[in-house]
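Take a look at the structure set out below.
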Amino acid sequence: MDIIVAEKVHKKFKLKQGQQVNNNGVISNEIEVLSGFDLKIKKGEFLVLVGPSGSGKSVFLDLVGGLSAPTSGVVYLDDKLVEAPSDKTGYVFQQYALFPWRSALSNIEFGLESRGVAKEERVKIARELLSLFGLSDFEDRFPYQLSGGMQQRVAIARALATKPEVLLMDEPFAALDAQTREILQNELIRIWEGTDTTVIFVTHSIDEAVFLADRVAVVTARPGRIKDIIKIDLPRPRKGDIRSSNEFAANRHKVWGALKAEVNKAQQDWKLAPVFSE
Amino acid sequence: MTEEVIVASRAGLKARSIDFSSYVKQGEYLLKGLNKWSQGIPLVLVFFAIWEALPRLGFIDPLFLPTFSTTIKTLFDLIVSGKLLEHVLVSLQRASAGFGLAILVAVPLGFLMGWYNKFERYTDLLVQSLRNISTFALLPIFLLVLGLGESSKIAIIFYGASWQLLMNTISGVKSIDPIYIKAAKSMCVSDWDLFRKVILPASIPSIIIGARLGAKISLMVVIAAEMIGAKSGLGFFIQNAQFNFMVPEMYAGILTLALLGLLVNYLLVWLEKKTTGWKGEIGSSILG
């Protein structure tokens, strides 16, 4: 069963005043980020989006999250048209986006507050999640008192607190150092394998994609659409040492094969890349 | 090893310094602040010594500048008699009424101007024009329109204190990182909660700085206003002493002004730390 269906999605952004872009000789003040983007995501699946910078992966997450609307085309979540943020989704950002004026515990409570969960219950849920991420002793800490890895753990816990059916993760580990990144990948996969949450995960790291994903969707250079979907046939539960196996390397090779041409194309495009705003 | 360290090291992270007791830390902090503060004392003493010496050695006529010791003695007498306190309280009352009014008006207005671009476009020109007029230049007009009573003084303090509060609230709202708004929206917050739980706390640090400046301006304006048209208050007291050639009293009043300013500033710095502790870095020194 498909929990998310995106059909013929197009997304254009208007450029800031005075900026123009040259699309194959046509000068325009609009930039097309997604063009004919079709994707179906199964319930409980871990789907990773990879693609060159500017290919609209994050934009697609915003569309699923209801934070932005497609220019044309439709996105369905649980057979319902996505028009506004849904309480079935949770969102994790690259910049953590923890509220600096709230403690770790209180950050995790945030989403539950909007849903009218009572204080006692909120604290209980938040404490459970903190302990799941090994952060029980840090509940009173403010974000500035936590390392980047800890902050991102809290941010993931915050997104999980509302028990979302779909977890949207926008390069969540990109700002972390290599070791912390691997540790968090291991933690995420351990926690996810015990749930039936659907995850859409955006990354630039092929290793990360192969380690985490059931399927890796390769997005083309801008304007983005799905070029190829690669099924990762690694067994679960996955442990860290799988990264050095031959099967891992083979899968990695497959993904890179699909991605290479697009990255090269994007390199050419970057020379023209303007700054865009909605 | 404490459990905390174990957890942190298991997670491959460097353990942060541990709070054995927050009280010890707080005490240390206070001591550090006091130590920092005390470093300013010698220069103040030098200043007082020069003050004492100049009239004593005949460089300045004591009639125009009484010695520091005379001034202090006069100040002491004024405090003991309760005369000074009366005027101080009146001034503080006026200043806080005007300042309070400024908070009630400028902060909400600032939120509106900072959040709604359209509203800002309509109002900005007027605000910018008004804010660049010196408050003191308007003092006579306020007195003419509102009379010599309390309302004219409170109104002019309100006017003077409002601009910093307004500007800082606007910039506080405008400089909120959009990622916080996005994160909150992804968690389905209502508009009211978005304001209450994100926009408001995120702009508090900037508003507090505006409030500190606004409070300083309030104190300055109240003195000026009392010098022009009042029968009580510290401004009146200083002016009155001046007119009646009670020179030591005048200096005692001026010294009180300095002390008052220092006190109010401490209070606001303390408030700033109290409300923005989550920022970690203490942006201002204890003397502000």
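Just so it is clear: chains get the letters A, B, ... in the order the sequence lines come, proteins before strands, and each one is counted from 1.
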Atom NZ of A:Lys43 with >12 non-hydrogen neighbours under 6.0 angstrom: yes

Option in B:Asp193, B:Val189, B:Thr275, B:Val198 with maximal non-hydrogen atom pairs under 4.5 Å from chain A: B:Val198

Geometric class of the B:Tyr180/A:Phe99 ring pair [parallel <30°, tilted 30-60°, perpendicular >60°]: tilted

Heavy-atom contacts under 4.5 Å, residues 78-89 of chain A to chain B: A:Pro85, A:Ser86, A:Asp87, A:Thr89

Structural part of A:Gln95 lying under 4.5 Å from a heavy atom of chain B: side chain

Test item: A:Trp101 and B:Ile204 side chains (from C-beta on) under 4.5 Å apart, heavy atoms: no

Greater than 12 external heavy atoms within 6.0 Å of B:Asn132's CG: yes

Flag if over 12 foreign heavy atoms under 6.0 Å of OH, B:Tyr122: no

Within 6.0 angstrom of B:Phe195 CZ, more than 12 heavy atoms from elsewhere: yes

Enclosure of B:Met167 CE (heavy-atom neighbours >12, cutoff 6.0 Å): yes

Residue pairs involving residues 167-191 of chain B (criterion salt bridge (charged side-chain N to carboxylate O under 4.0 Å, His left out); sequence neighbours excluded): A:Asp62-B:Lys182, B:Glu120-B:Lys174

Within residues 114-128 of chain A, residues adjacent to chain B where the heavy-atom gap is under 4.5 Å: A:Ser114, A:Arg115

Side chain to side chain, A:Glu113 and B:Lys197, heavy atoms closer than 4.5 Å: yes

Contact class of A:Leu98 relative to chain B, heavy atoms under 4.5 angstrom: backbone

Most chain B-contacting option - heavy-atom pairs closer than 4.5 Å, from A:Ala97, A:Gly90, A:Gly111: A:Ala97

By side chain to side chain contact (heavy atoms under 4.5 Å, CB included) - contacts of B:Ile103 (at least two apart): B:Phe99, B:Val107, B:Leu165

